[in-house]
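Scroll down for the structure; my scribbles are underneath it.
What you see is a predicted model, and the numbers here were worked out from it, not measured in a lab.
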Amino acid sequence: MNAVVLVPVKAFTDAKARLATMLGDAERERLARWTSARVLAAAGELPTFVACDDERVAAWATEHGASVLWHPGVGLNAAVNNSVAELREAGVTNVVVAHGDLPRAHSLATLAEPRTLTLVPDRRDDGTNVIAVPTDMPFEFAYGAGSFRRHLQSAIAAGFSVRVRRDPLLALDIDTPSDLAHPLVQEVLPSWLQTNPASLR
């Protein structure tokens with residue numbers, strides 16, 4: 001396999017709007033940078049790519065050793081679908097797509113398998129935090145509310161070999177205040193975050 005990790009990253013200044021009740025703009029931006037960096041690090045030895053349409057994100061990605069796939073103004077689903085097609089044309093055989101808000105991301109390389117689509121749902125079985133897909137598989141990414149069931153049903157209907165990987169760490173993302181309060185998230189929160197229990201003592 002010639003596998004890579006792809007991380008779609010929106011503008012840091014627009015990230016984590018649902019945390020605005022507890023975190024200011026600067027802290028939300030810093031949190032988005034922190035989680036995205038952890039996801040890139042979880043790629044291990046695999047090459048990393050960042051799909052984005054923001055110049056500051058592109059500069060950040062380059063600083064972190066990732067290649068930039070530029071898809072302005074098309075939205076998340078088109079950006080990921082277009083990026084996978086671009087990587088296929090470049091000779092990549094497997095792409096692990098991981099969202100940039102996974103605080104406990106790890107071992108992403110282990111998810112790539114020949115001829116198998118791997119879905120990692122979030123802890124609510126609603127979103128799809130990680131998808132590993134062979135690039136010759138005609139799979140359409142369709143993120144949004146209920147994406148895990150949507151992805152699973154479309155894969156089964158298409159007759160793909162599909163595996164659901166339930167990983168308690170990869171299932172964690174940070175979208176809402178309750179996500180920040182999860183014990184496994186609080187274990188790794190940076191000391192500068194004001195919601196970190198260590199900073200409140």
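- Between the CG atom in Leu119 and the CG atom in Asp125 there is a gap of 11.0 Å [rounded to 0.5 Å].
- Sorted by first and then second residue, the pairs that involve residues 88-101 and meet side-chain hydrogen bond (donor to acceptor under 3.5 Å, both in side chains), not counting sequence neighbours, are Lys16-Asp101.
- At a threshold of 4.5 Å between non-hydrogen side-chain atoms, the residues Lys10 and Cys52 do not count as touching.
- A side-chain hydrogen bond (donor to acceptor under 3.5 Å, both in side chains) check over residues 58-68, counting only residues at least two apart or in different chains, returns the pairs Trp60-His64.
- The salt bridge (Lys or Arg N to Asp or Glu O under 4.0 Å) contacts involving residues 102-112 comprise Arg104-Glu187, where partners must be two or more places apart or lie in separate chains.
- Listed by first then second residue, pairs satisfying salt bridge (Lys or Arg N to Asp or Glu O under 4.0 Å) with a partner in residues 30-54 read Glu29-Arg33, not counting sequence neighbours.
- Every residue was checked against the side chain to side chain donor-acceptor pair (under 3.5 Å) condition with His182, not counting sequence neighbours, and none meets it.
- Grouping the Ile, Leu, Val, Met, Phe, Trp and Tyr side chains by contacts below 4.5 angstrom, directly or via other members, places Met1 apart from Ile131.
- To the nearest 0.5 Å, atom CG of residue Asp25 and atom CG of residue Leu19 are 11.5 Å apart.
- The CG atom of Leu193 lies 8.0 Å from the CH2 atom of Trp34; values are rounded to the nearest 0.5 Å.
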Go through the steps for Val50 and Val57 under the test side chain to side chain contact (heavy atoms under 4.5 Å, CB included), then give the verdict. CA-CA 9 Å; Val50 169; Val57 171; 4.0 Å; yes
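- Residue pairs meeting the side-chain hydrogen bond (donor to acceptor under 3.5 Å, both in side chains) criterion with at least one member in residues 141-151, sequence neighbours excluded, are Thr128-Ser147, Thr128-His151.
- The hydrophobic cluster of Val74 has no other members, since no ILVMFWY side-chain heavy atom comes under 4.5 Å of it.
- When the side chain to side chain donor-acceptor pair (under 3.5 Å) test is applied to Asn2, no partner is found at least two apart in sequence or on another chain.
- Transitive grouping of hydrophobic side chains (ILVMFWY, heavy atoms separated by less than 4.5 Å) brings Val133 and Val162 into a common cluster.
- Qualifying side chain to side chain donor-acceptor pair (under 3.5 Å) partners for Asp179, counting only residues two or more places apart in sequence or in other chains: Arg123, Arg124, Thr176.
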Under the side chain to side chain contact (heavy atoms under 4.5 Å, CB included) rule, what do Asp167 and Val130 come out as? Steps first, then yes or no, please.
CA-CA 10 Å; Asp167 185 301; Val130 187; over 6 Å; no
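- Closest approach of Ala145 to Asp126, counting heavy atoms only: C-OD1, 4.0 Å.
- Judged purely by atom type and a 3.5 angstrom limit, Thr48 has no side-chain atom pairing as donor or acceptor with the backbone of Leu40.
- In this structure, Pro134 and Thr116 approach most closely via the heavy-atom pair CD-O, 3.4 Å.
- Applying the side chain to side chain donor-acceptor pair (under 3.5 Å) rule to Thr118 yields the partners Arg163; only residues at least two apart in sequence or on another chain are considered.
- Here the OG1 atom belonging to Thr35 is positioned 12.5 Å from the CG atom belonging to Leu172, to the nearest 0.5 angstrom.
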task = Under the side chain to side chain contact (heavy atoms under 4.5 Å, CB included) rule, what do Phe139 and Ser154 come out as? Steps first, then yes or no, please.
result = CA-CA 8 Å; Phe139 177 76; Ser154 67; 4.0 Å; yes
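- When every heavy atom of Asp175 is checked against every heavy atom of Asp173, the shortest pair comes out as OD2-OD2, 3.5 Å.
- When atom types are taken as modelled, the side chain of Ser83 and the backbone of Asn81 share no donor-acceptor pair closer than 3.5 angstrom.
- Follow the hydrophobic side-chain contacts under 4.5 Å out from Phe148 and you never reach Leu169; the two are in separate clusters.
- Taking all atoms of both residues into account, the shortest heavy-atom contact from Ser161 to Met137 is O-CE, 4.3 Å.
- Inter-residue side-chain proximity for Phe49 and Val7 is flagged as unmet; no heavy-atom pair is nearer than 4.5 Å.
- The distance from the OG atom of Ser107 to the CG atom of Leu170 is 8.0 Å, given to the nearest 0.5 Å.
- Across every non-hydrogen atom of Leu117 and Ala155, the tightest pair is CD2-CB, 3.5 Å.
- Side chains of Leu6 and Val96 form no contact here, defined as non-hydrogen atoms less than 4.5 Å apart.
- Residues Asp122 and Gly127 approach most closely at OD2-N, 2.8 Å, considering heavy atoms.
- By the salt bridge (Lys or Arg N to Asp or Glu O under 4.0 Å) test, Glu140 pairs with no residue at all, sequence neighbours left out.
- Arg166 has its side chain within reach of Val164: a pair of non-hydrogen atoms, C-beta onward, lies under 4.5 Å apart.
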Carefully, step by step, assess Val120 and Leu111 under the rule side chain to side chain contact (heavy atoms under 4.5 Å, CB included).
-> CA-CA 9 Å; Val120 182; Leu111 299 175; 4.1 Å; yes
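- Transitive grouping of hydrophobic side chains (ILVMFWY, heavy atoms separated by less than 4.5 Å) keeps Val97 and Trp70 in distinct clusters.
- Looking at heavy atoms from C-beta onward, Leu69 lies in side-chain contact with Leu87 at the 4.5 angstrom threshold.
- Residues Val68 and Val4 do not share a hydrophobic cluster, clusters being chains of Ile/Leu/Val/Met/Phe/Trp/Tyr side chains in contact below 4.5 Å.
- With a 4.5 Å cut-off on side-chain heavy atoms, Arg115 and Phe160 do not count as touching.
- Formation of a donor-acceptor pair under 3.5 Å by the Arg28 side chain with backbone atoms of Leu23 is found in this model.
- For Glu86, the salt bridge (Lys or Arg N to Asp or Glu O under 4.0 Å) test picks out no residue, with sequence neighbours left out.
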